[in-house]
Asks: 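Submitted below is the structure of interest, expressed as structure tokens.
Keep in mind that this is a model prediction, so the values were computed, not measured. Order of the sequence lines sets the chain letters (A, B, ...), proteins ahead of strands, with each chain counted from 1. Hydrogens, waters and symmetry mates play no part in the numbers below; they use all other heavy atoms, side chains included.
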Number of protein chains: 2
Amino acid sequence: MGIHERKEREKEQRREEILNAAQAVFFERGLQNSTMDEIAEKAELSKGTLYLYYGSKEDLYLAVMVRGFDLLHEMCVDVIGSSGSPVEAMWNLGKSYYEFFEKHRNFFHMFYFLQSPTLHKQVSPDMMEACNAQTNKTWKLVIDLFQRGIEEGTFRKDINPIEAAVILWSSANSILIRIDNECERWKEQLNVDLVQVYFRSNALFLESMMTKDAYTSYASLLSEVQTQTP
Amino acid sequence: MGIHERKEREKEQRREEILNAAQAVFFERGLQNSTMDEIAEKAELSKGTLYLYYGSKEDLYLAVMVRGFDLLHEMCVDVIGSSGSPVEAMWNLGKSYYEFFEKHRNFFHMFYFLQSPTLHKQVSPDMMEACNAQTNKTWKLVIDLFQRGIEEGTFRKDINPIEAAVILWSSANSILIRIDNECERWKEQLNVDLVQVYFRSNALFLESMMTKDAYTSYASLLSEVQTQTP
DNA sequence: CTCTTATTATGACCGCCAGTCAGTTATTAC
DNA sequence: GTAATAACTGACTGGCGGTCATAATAAGAG
């Protein structure tokens with residue numbers, strides 16, 4: 001009796017198809033300017049059907065966002081796997097996050113959504129939980145990396161790996177947001193290149209968290225950022 | 001012929017009255033859940049009249065936000081004026097920004113709005129310009145403070161004051177946002193107090209920007225943050 | 001005080017859209 | 001073939017941002 005399983009599979013496939021349509025529309029128009037009618041049309045379904053698979057427009061938005069978090073997580077795993085030491089990995093994470101920002105700007109934009117609680121009106125607890133689970137996974141990667149560095153003696157013993165992760169990730173993120181919104185403004189009015197600021201900020205934080213020993217041996221790595229300014 | 005002036009005054013007063021009503025409603029419900037009808041009712045005017053004074057709901061929102069920026073700017077001026085050295089002032093700015101966050105949470109929430117360009121659909125260029133002018137003023141305060149510290153020899157000569165301001169302010173801001181949204185989650189799941197992280201992050205940054213001389217003389221100031229952890 | 005003109009205010013109305021639900025179509029079970 | 005179940009549809013509702021013809025009020029002229 002494989003009928004039940006086939007149905008299950010087909011249902012999952014529908015969910016994916018709807019998600020594909022939603023992703024295309026959200027990427028093009030953003031949350032506010034996308035309509036469920038347009039998503040339905042793109043998915044070649046009626047609007048009512050969308051609501052059989054997702055509870056609200058915002059739930060659908062979050063579901064697309066989770067794909068972005070997946071991608072980001074995968075990227076982090078790759079970077080950490082292909083880097084030597086924790087310090088190097090941390091630095092490479094910063095670089096890769098910038099690449100993610102450039103390459104997947106659409107997903108990055110979606111991530112903003114989580115920062116404004118007033119927008120969450122229609123998000124179901126389930127979907128929110130799924131989203132949190134996904135981000136927790138990635139946080140864990142970074143925290144563990146700090147932990148490893150502390151144990152190996154490259155990061156200071158007196159820092160808390162969780163705190164360090166929060167500080168580094170938050171500051172990196174906030175500067176990327178600023179690049180996204182205000183890059184030209186800073187360039188024109190004050191002749192400051194925010195992209196450079198991003199890398200300097202990362203370097204500064206890493207330096208201040210490293211032990212003296214590690215600092216001398218990794219100085220060349222972090223000085224990459226200086227070579228960008230002639 | 002004072003009639004014209006009186007009319008001008010009355011018009012300005014109406015604008016203020018509308019702004020007061022809008023502020024009350026936006027504070028209570030946020031941008032998405034506030035309606036122009038409710039604001040009109042609170043202002044004891046018809047909806048149509050609102051549009052004689054403000055171009056859109058979002059313009060009105062920005063106008064309220066500018067009040068928040070005003071408040072913040074005033075606070076910064078006070079703090080800098082009543083602090084001794086640039087380092088001390090910078091540290092106090094961090095503390096005061098946290099107080100602002102706690103006391104004027106409603107304004108802080110409004111500030112998010114600027115980070116999501118997709119929400120700006122209806123903002124008029126004029127209003128946006130007014131908003132930028134206001135934030136530029138405050139940025140200038142912080143940048144000048146760094147400049148002064150560099151000249152006095154408390155901050156390293158090799159840092160760019162503008163970059164330093166961006167890094168410090170952005171990272172502080174992003175951690176406050178995290179406190180706002182996720183404070184309980186971090187406390188419960190990982191037993192981390194984000195408020196402490198906020199102050200540690202500020203201290204870390206300031207330390208890494210100070211000269212060695214300044215560091216030794218201000219160590220006691222920044223160690224405030226440590227005394228919070230038994 | 002009266003008439004004309006200019007300014008300010010009104011609220012019914014429009015178009016748009018998220019979400020609903022009674023009804024239709026397709027699929028499975030017997 | 002038929003009953004039962006599942007999947008899908010699209011017209012409809014309610015709510016809201018924004019508009020505009022009209023009304024009310026105030027100012028100026030005679």
Asks: Rounded to whole Å, please give me the gap between NZ in A/K57 and C1' in C/dC16.
Replies: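 About 11 Å, once rounded to whole Å.
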
Asks: To the nearest angstrom, how far is A/E10 atom CD from C/dA26 atom P?
Replies: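 So the CD-P distance, A/E10 to C/dA26, works out to 15 Å.
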
Asks: Roughly, in whole Å, what's the span from CG in A/D59 to C1' in C/dA18?
Replies: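 These atoms are roughly 13 Å apart.
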
Asks: Could you give the CD1-to-P distance, from A/I39 to C/dG19, as a whole number of Å?
Replies: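 These atoms are roughly 11 Å apart.
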
Asks: Testing B/F27, B/F69, B/Y112 for ring-ring contact (aromatic ring centres under 6.0 Å, His included) with B/F107, which one passes?
Replies: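 Of the listed residues B/F27, B/F69, B/Y112, the ring-ring contact (aromatic ring centres under 6.0 Å, His included) partner of B/F107 is B/F27.
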
Asks: For A/D70 and A/Q134, does a side-chain donor sit closer than 3.5 Å to a side-chain acceptor?
Replies: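 Looking only at side-chain atoms, A/Q134 and A/D70 do form a donor-acceptor pair, the distance falling under 3.5 Å.
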
Asks: May I ask you to establish whether A/R15 and A/Y54 are in a cation-pi arrangement, using a distance under 6.0 Å from NZ or CZ to the six-membered ring centre and at most 45° from the ring axis?
Replies: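 So A/R15 does make the cation-pi contact.
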
Asks: Any ion pair linking A/K103 and A/E99 (charged N to carboxylate O, less than 4.0 Å)?
Replies: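 Result for this pair is no, no salt bridge flagged.
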
Asks: Under a 4.0 Å threshold between the charged nitrogen and the carboxylate oxygen, would A/E17 count as salt-bridged to A/R14?
Replies: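 The answer is yes: the pair qualifies as a salt bridge.
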
Asks: Looking at A/R6 and A/E10, is there a salt bridge between them, counting it only when a charged N and a carboxylate O are closer than 4.0 Å?
Replies: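 The answer is yes: the pair qualifies as a salt bridge.
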
Asks: Counting only heavy atoms and a strict 4.0 angstrom limit, can you tell me which residues of residues 23-35 of chain A come near DNA chain C?
Replies: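 Contacts with DNA chain C under 4.0 Å: A/S34, A/T35.
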
Asks: Tell me whether B/R105 forms a cation-pi arrangement with B/F101, defined as NZ or CZ under 6.0 Å from the six-membered ring centre and within 45 degrees of its axis.
Replies: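 Judged by the rule (NZ or CZ under 6.0 Å from the ring centre, within 45° of its axis), B/R105 counts as positioned above B/F101.
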
Asks: Got a list of protein N/O to nucleotides 6-12 of chain C N/O distances below 3.5 Å?
Replies:
from, atom 1, to, atom 2, distance (Å)
C/dA9, OP1, B/R14, NH1, 2.2
C/dA9, OP2, B/Y53, OH, 2.8
C/dT10, OP2, B/S46, N, 2.9
C/dT10, OP2, B/S46, OG, 3.4
C/dT10, OP2, B/T49, OG1, 3.0

Asks: Taking atom C1' of D/dG15 as reference, at what distance in whole Å does atom CG of B/D37 sit?
Replies: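 For the pair B/D37 CG and D/dG15 C1', the rounded distance is 10 Å.
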
Asks: For residues B/T49 and B/S46, determine if any side-chain heavy atom of one lies less than 4.5 Å from a side-chain heavy atom of the other.
Replies: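 Answer yes - side chains close enough.
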
Asks: Nearest whole angstrom, please: distance from the P of D/dA6 to the CZ of A/R9.
Replies: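 From A/R9 CZ to D/dA6 P: 19 Å.
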
Asks: Starting at atom OH of A/Y51, determine the distance to atom P of C/dT20, rounded to an integer number of angstrom.
Replies: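 Nearest whole value for this atom pair: 7 Å.
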
Asks: Flag the pair A/D193 / A/K187 as yes when at least one side-chain heavy-atom distance between them is below 4.5 Å, and no otherwise.
Replies: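 Heavy-atom side-chain distance check passes, below 4.5 Å.
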
Asks: In whole Å, I'd like the distance from the CD atom of B/E38 to the P atom of D/dG17.
Replies: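 So the CD-P distance, B/E38 to D/dG17, works out to 10 Å.
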
